[in-house]
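Numbers restart at 1 for each chain; the letters A, B, ... are given by sequence-line order, proteins then strands.
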There are 2 protein chains.
Amino acid sequence: MTTMKEIAQRTGVSVSTVSLVLNGRDEGRVKSEVAAEVRRTAKELGYTSNPLARSLRTGKTRILGFVSEEVATTPYAGGIILGAQDAASRLGYMLLTVNTDGRANEDEEIATLKRYGVDGFMYAKMSNRYVDVPAVLDDYPLVLVDATDRAGRIPSIEPDEFRIAYDATMRLVDAGCERIAYVGCDEPMVAQEGRLAGYRSALEDAGRVFDEALVANVLNNGPALRAVDALFDRESPDGFFCFNDARAWYVYECAARRGLTVGRDVSVVGVDNHRIFAETLEPQLTTVELPHYEMGYWAACKLVSLIEDRDPSGFDVPDTTAPLPPYDGCNPAKVHCTLVEKASVRGSAQSDALSPA
Amino acid sequence: MTTMKEIAQRTGVSVSTVSLVLNGRDEGRVKSEVAAEVRRTAKELGYTSNPLARSLRTGKTRILGFVSEEVATTPYAGGIILGAQDAASRLGYMLLTVNTDGRANEDEEIATLKRYGVDGFMYAKMSNRYVDVPAVLDDYPLVLVDATDRAGRIPSIEPDEFRIAYDATMRLVDAGCERIAYVGCDEPMVAQEGRLAGYRSALEDAGRVFDEALVANVLNNGPALRAVDALFDRESPDGFFCFNDARAWYVYECAARRGLTVGRDVSVVGVDNHRIFAETLEPQLTTVELPHYEMGYWAACKLVSLIEDRDPSGFDVPDTTAPLPPYDGCNPAKVHCTLVEKASVRGSAQSDALSPA
DNA sequence: GTGAAAGCGCTAACAC
DNA sequence: GTGTTAGCGCTTTCAC
């Protein structure tokens, strides 16, 4: 690793001058020929700065701390972290991630991140819920990801749960479904509340009456499967909005057992959490893809804007090949969902699905 | 953040002495009363070392680089990274992870990690395949995770693919299945090769003949579903070993359409990649859980042993509440799979599944 | 046994 | 315009 010292020696100037030039602070301070020569030598020697040494001096590490739980148990995390990493990388930051097993080791992990000198924190949950932010984060720049501050003080990047369900339900209405069921999650959380409200609102805007009987909030495994089965028997729905792919799977199994084909006989719009829809059932349903990558990306942007105390919308994000969501400085923001229309819902019949036996 | 300097001042000794004591090198060099006083003061002031400053001096950062691709698209990654993080954390290291989009930005990301002074690298793939290790990693301690070095030079931690399939197939044999199908992946890779061989071997050891017609290597979506459907029609298998949950899903759907219940009429053993089995179908099948966490954990242990050039089995891993896989210093290692028996396979009938309509 | 001093690579006052 | 100097927090050699 070449150092500024070496460049200084080769160029015959002092280290300070090299530092000035290589940090772009030479304008009007260093003669341009000298500056050019320094830059040339730096390039020739393949100089890259030593972030540790710089940090020691400046007190800034350009490292962002990413604190989350459950990273091991959901694939959500990957997308969020990737987005955060990409944004960080483009803004010249690194991401240091830690996992916590609930509150137990959380403070400790955060303390470790502090020791490594992170400039700020992202605090992520893997499904939008109300959180009490740990006090140890109080005096650091902080952004919540897929979580909502109960106290309403901390900026957060979260999906627009209401709109997810509203749009999905409207899609089913537009497809001609008469009896639209909501297969939700039997746990109180922001996502569940918001989505149920969106479902209800869409129905009302479409001139339907909200019917409690069409709502099945289920947990998992056998009991969930039986609950969905009962819903089929009792209400004969022809459209389903599913909270996630696990719930959609129950609908699939129940439909299959009745000789009904999803995408032809019944319609399903589901939130794809495990990316398994895309891999297995793409042609048969409409998926709602949560913008995990974008949430991570925007969260990192927001955090950097807090750290550097500058206008977040003015980010000079370099172009790359991958298409990027424009960052609009939202704060606190609801990130819109993405409705990915994979195929027909009920009504159009070019389904790629297997016909009933 | 308190520094050694402050401790030195409060204690009336020099910084060097404090350093000696706080690094445990005081034995026979510093009077024990002084050492005790230093330690007391450090504790009182809540001293924690500044890793950056130390690194600047020692050239060691106690940071491990974790390079992987596809983190966003598979939930595998979470488990591996979590394991690696846990091990790193216990051994006093941090994990700096980067994602790559294929070879394109890989060298660049690795270069960034180098700039941050990582002591070594883990290079992970998200499904066991042969890899050519990037040359830029050549002069660093390196361990592959869920990947196999084509050149056979680099140690790796990978699942024992053969044994996964062997055990799973034997399980189906033991359950009384007569016609056991292999629903695999239509791509050449270590996992696929190893598993097909294990399947074949188990059949032969059970006195069966391997029958090509029972092997369906499929891709996904409609074509995969139709291929599995054809397999049902053509061969009427009563047992299935599935490469992953996506493949198992096709089996589920085909079975459901025929009024067959998995766990009663047909048996399925599948590798659970997306953790969706556990959430949805737990009672109906036997899942093979790949030891992602353990792979990450052991990989980090192995890497640290390379970095510190010490016997890997001698790790003094502190006890915690969570049960941990013992690290046995394997190198290069095959990590055994974990067969998690959730329920009956064919023959015993206490399935919690929904009965056919 | 303990302290003074040098230096890791870099930045930032302040001289000149 | 450029160099000198000091110092971020720590480790390590070498005097005393």
Side-chain angles (χ1 to χ4, degrees), chain A residues 1-39 41-42 45-63 92 94 112 114-119 308, chain B residues 1-39 41-42 45-63 92 94 112 114-119 308:
Chain A
M1 291 278 110
T2 55
T3 69
M4 286 193 176
K5 199 172 170 186
E6 300 179 55
I7 297 174
Q9 281 162 351
R10 291 261 285 228
T11 328
V13 297
S14 78
V15 184
S16 346
T17 307
V18 175
S19 173
L20 242 35
V21 172
L22 263 25
N23 286 309
R25 306 157 160 285
D26 55 315
E27 202 64 37
R29 327 244 260 110
V30 179
K31 221 186 312 183
S32 61
E33 302 97 73
V34 176
E37 178 60 11
V38 166
R39 271 185 255 271
T41 315
L45 266 44
Y47 172 81
T48 53
S49 74
N50 180 331
L52 275 65
R54 170 181 288 156
S55 300
L56 189 59
R57 191 67 242 251
T58 61
K60 294 282 168 209
T61 53
R62 301 189 78 86
I63 296 181
M94 285 296 272
T112 306
K114 284 187 179 176
R115 287 187 346 116
Y116 275 84
V118 297
D119 294 336
E308 302 184 354
Chain B
M1 292 278 108
T2 56
T3 68
M4 286 190 174
K5 199 173 169 183
E6 299 179 57
I7 296 173
Q9 280 161 355
R10 292 261 287 228
T11 327
V13 297
S14 77
V15 185
S16 340
T17 306
V18 175
S19 173
L20 241 34
V21 171
L22 262 26
N23 286 307
R25 308 157 160 285
D26 54 316
E27 201 64 35
R29 331 244 259 109
V30 179
K31 222 188 307 184
S32 61
E33 303 97 71
V34 176
E37 178 61 7
V38 166
R39 272 185 253 272
T41 314
L45 264 43
Y47 172 81
T48 52
S49 74
N50 180 332
L52 275 64
R54 169 180 290 160
S55 301
L56 189 57
R57 191 66 241 253
T58 60
K60 294 281 167 211
T61 54
R62 301 191 78 86
I63 297 181
M94 285 295 272
T112 307
K114 285 186 180 177
R115 286 185 349 115
Y116 275 84
V118 297
D119 294 337
E308 303 185 353

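Closest to the side chain of B/R29, out of C/dT11, D/dG9, C/dT2, is C/dT2. If you check C/dG9, C/dC10, D/dT2 against the side chain of A/M4, the one that comes closest is C/dC10. Closest contact between the side chain of A/R54 and the listed nucleotides C/dC10, C/dA12, C/dG9 involves C/dC10. Closest to the side chain of A/S14, from the set D/dT12, D/dT4, C/dC10, is D/dT4. Taking the side chain of A/T3 as heavy atoms from C-beta on, and the options D/dG1, C/dG9, C/dG3, the nearest nucleotide is C/dG9. Side-chain proximity of A/S16 to C/dC10, D/dG9, D/dT4: nearest is D/dT4.
Rounded to an integer number of Å, the gap from B/I7 CD1 to D/dG9 P is 12 Å. With rounding to whole Å, A/R57 atom CZ is found 8 Å from C/dA13 atom P. Atom CZ in B/R25 sits roughly 16 Å away from atom C1' in C/dG1 (whole-Å rounding). Rounded to an integer number of Å, the gap from CG of B/L56 to P of C/dT11 is 12 Å. In this entry the distance linking NZ of B/K5 with C1' of D/dC10 reads 12 Å, nearest Å. Separating the CZ atom of A/R62 from the P atom of C/dC10 is a distance of 16 Å, rounded to the nearest angstrom. Following rounding to the nearest Å, A/E33 (CD) and D/dG1 (C1') show an atom-to-atom distance of 11 Å. Rounding to whole angstrom units, NZ of residue A/K114 and P of D/dG9 are separated by 17 Å.
B/N23 and B/R54 get closest at one heavy-atom pair: OD1-NH2, 3.1 Å.
If you check every strand for non-hydrogen atoms under 4.0 Å, B/G117 touches nothing. Nucleic acid contact class of A/N23 (heavy atoms, under 4.0 Å, all strands): sugar-phosphate only. Using a 4.0 Å heavy-atom criterion, one finds that B/V15 contacts the bases of the nucleic acid, with or without backbone contacts as well. Within 4.0 Å of A/G59, counting heavy atoms only, lies no atom of the nucleic acid at all.
One finds the CE atom of A/M1 at 11.0 Å from the CG atom of A/L45 (value rounded to the nearest 0.5 Å). To the nearest 0.5 Å, the span separating CD on B/E6 from OG1 on B/T3 amounts to 4.0 Å. Between the OG1 atom of B/T61 and the OH atom of A/Y116 there is a distance of 7.0 Å, given to the nearest 0.5 Å.
Residues A/S55 and A/R62 form no side-chain contact, since every pair of their non-hydrogen atoms from C-beta on lies 4.5 Å or further apart. The closest side-chain heavy-atom distance from B/I7 to B/L22 is below 4.5 Å.
Here A/N50 does not reach the OP1 or OP2 of C/dC8: none of its side-chain N or O atoms lies under 4.0 Å away.
Position along DNA chain C of the nearest nucleotide to B/V30 versus A/L20 favours B/V30 as the more 5'-ward residue. Each of B/T48 and A/T17 was assigned the nucleotide of DNA chain D with the nearest heavy atom; the assignment lying further toward the 5' end belongs to A/T17.
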